[in-house]
*Asks:* 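This is the structure I have questions about; it appears just below.
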Amino acid sequence: MKEWSETTIRKFRQTLLAWYDREGRDLPWRRDHDPYHVWVSEVMLQQTQVNTVIPYYERFMATFPTVTDLAQADEATLLKAWQGLGYYSRARNLQRAAQQIVTDYRGVWPQTAAALAELVGIGPYTSCAIASIAFGQAVPAVDGNAFRVFSRLLLIDADIAKPKTRQLFEEIIQPIVDPDRPGAFNQAIMDLGSSYMTPKNSDPAHSPVKDFDASYQLGKVEDYPVKTKVPRPKRIDYYALIIHSPAGYLLVQRTEREMLTGYWTFPLVTKASLQSAEAADEATLAQDLASLETLFASDYQVPLSLTTVGGRPVSHTYTHQRWQVKLLEANLPTAPALPFYPGKWVSAAEITDLPLPKVQEKIMVRYQQQVDSQAFSGN
DNA sequence: AACCCGTGGAC
DNA sequence: TGTCCAAGGGT
């Protein structure tokens with residue numbers, strides 16, 4: 001690993017910020033340094049690319065112009081605004097923190113990284129980002145870009161996948177942060193990390209800081225950062241129950257104990273839950289259908305006649321799970337009195353008014369394709 | 001420390 | 001199609 005002299009650090013700041021002032025991106029959340037704007041953008045940007053965030057940020061600010069509006073928003077509106085962004089606990093934590101600020105802090109923002117980190121959803125990176133950008137505190141915002149950029153500049157070979165490595169980077173970067181313009185410094189590192197110093201297909205030869213880039217000078221850019229691999233997602237088999245009646249389709253809301261909390265889907269049942277442990281994988285589709293029909297008859301006194309829909313299952317991959325969802329359909333000639341199941345009946349036209357996760361949208365698209373194709377062949 | 005939590009883009 | 005990865009945080 002390399003170490004920089006005071007002189008080198010001063011030259012680096014000057015070079016970096018001159019480039020940032022010239023070439024920095026014009027982004028919606030950079031129009032001012034309002035902590036509410038900085039905060040919302042930083043949370044949206046967690047593990048999410050800039051181009052994805054831009055339209056969400058614009059709509060979010062139109063819907064919730066102030067932290068008070070966000071604190072008072074109803075959950076359905078909030079989740080609908082976040083639909084498609086992923087990591088949905090971010091939205092719920094965002095509102096909880098807004099309520100903390102309005103009530104506990106009487107609308108006055110905490111202005112240091114340490115104080116900001118007390119708020120739910122604001123961790124070591126985001127607290128430093130807000131503190132530096134909105135309040136001018138000279139702290140390094142160490143995100144994936146900072147890991148990558150500084151590991152290359154200084155040949156740091158610590159494994160960035162290990163939690164402990166963050167502290168090392170914070171200590172190394174702290175004296176390099178420009179104390180006069182910490183917010184611009186941190187954002188310049190991010191722009192660098194998304195342009196010349198990207199994970200793949202980087203262009204270090206044209207980087208404004210190529211003279212400071214030890215990995216480039218040694219021809220070892222591809223060796224940095226060092227990051228151990230993550231395990232592959234494990235497969236989980238589901239059945240989606242598309243149950244309809246004159247009252248509409250049966251939808252259920254995800255609980256706090258499940259992922260996708262607060263969003264709506266058709267009832268989803270794991271294949272594993274249907275079997276008597278030993279031969280779960282072996283059970284045939286016919287056996288699973290019988291199990292489901294028995295379950296509804298015994299638990300809910302609702303006789304179902306399930307039929308399969310579509311050929312291949314709907315596939316949807318999360319960070320740690322790969323869902324394979326087989327579609328099953330049942331039509332009830334009359335709508336059973338609720339509650340026979342912890343959900344609600346929704347007309348076809350009103351389903352899309354609900355906050356829906358991507359996997360539910362995929363299921364609905366596949367189902368609609370089947371309905372369309374049967375309309376042609378059947379009549 | 002290890003694991004959980006979404007989605008879309010790039011290749 | 002598979003794989004990696006993107007301005008991480010919570011538990």
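Residue numbering restarts at 1 for every chain, and letters A, B, ... go by the order of the sequence lines.
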*Asks:* Side chain of A:D143 only, please: which of C:dA7, B:dA1, C:dG9 is the nearest?
*Replies:* C:dA7
*Asks:* For DNA chain B, what residues of residues 71-84 of chain A have any heavy atom nearer than 4.0 Å?
*Replies:* A:G84
*Asks:* Using the side-chain heavy atoms of A:V50, tell me which of these nucleotides is nearest: C:dA7, B:dC4, B:dG6.
*Replies:* C:dA7
*Asks:* Contact class for A:G86 (heavy atom, under 4.0 Å): base, sugar-phosphate, or nothing?
*Replies:* base
*Asks:* Touch check for A:R30, heavy atoms < 4.0 angstrom, all strands: base, sugar-phosphate only, or nothing?
*Replies:* base
*Asks:* Select base, sugar-phosphate, or nothing to describe what A:Q321 touches, counting heavy atoms under 4.0 Å on all strands.
*Replies:* sugar-phosphate
*Asks:* If you assign A:P357 and A:K162 each to the DNA chain B nucleotide with the nearest heavy atom, which residue ends up on the more 5' nucleotide?
*Replies:* A:K162
*Asks:* Counting the atoms with a prime plus P, OP1 and OP2 as sugar-phosphate, which does A:M190 contact under 4.0 Å by heavy atoms, base, sugar-phosphate, or nothing?
*Replies:* base
*Asks:* Please produce a list of atom pairs where a protein N or O lies less than 3.5 Å from an N or O of nucleotides 1-5 of chain C.
*Replies:*
none

*Asks:* Give A:I133 one of three labels, base, sugar-phosphate or nothing, depending on what nucleic acid heavy atoms sit under 4.0 Å from its own.
*Replies:* nothing
*Asks:* Think A:Q47 has a side-chain N or O under 4.0 angstrom from the OP1 or OP2 of C:dG8?
*Replies:* yes
*Asks:* I want to verify a distance call: between C:dA7, C:dG10, B:dC5, whose nearest atom is closest to the A:W29 side chain?
*Replies:* C:dA7
*Asks:* Assess whether one donor atom and one acceptor atom, taken from the side chain of A:T126 and the base of C:dG9, lie less than 3.5 Å apart.
*Replies:* no
*Asks:* Using atom C1' in both nucleotides, what's the gap between B:dA2 and C:dA7 to the nearest angstrom?
*Replies:* 23 Å
*Asks:* What does A:V53 touch in the nucleic acid at a heavy-atom separation under 4.0 angstrom: a base, only the sugar-phosphate, or nothing?
*Replies:* nothing
*Asks:* Can you figure out which of C:dG9, B:dA2, B:dG6 approaches the side chain of A:Y125 most closely?
*Replies:* C:dG9
*Asks:* Check salt bridge (charged side-chain N to carboxylate O under 4.0 Å, His left out) between A:R90 and all other residues, then give those that pass, not counting sequence neighbours.
*Replies:* none
*Asks:* Would you say A:N201 places a side-chain N or O within less than 4.0 Å of OP1 or OP2 belonging to B:dC11?
*Replies:* yes
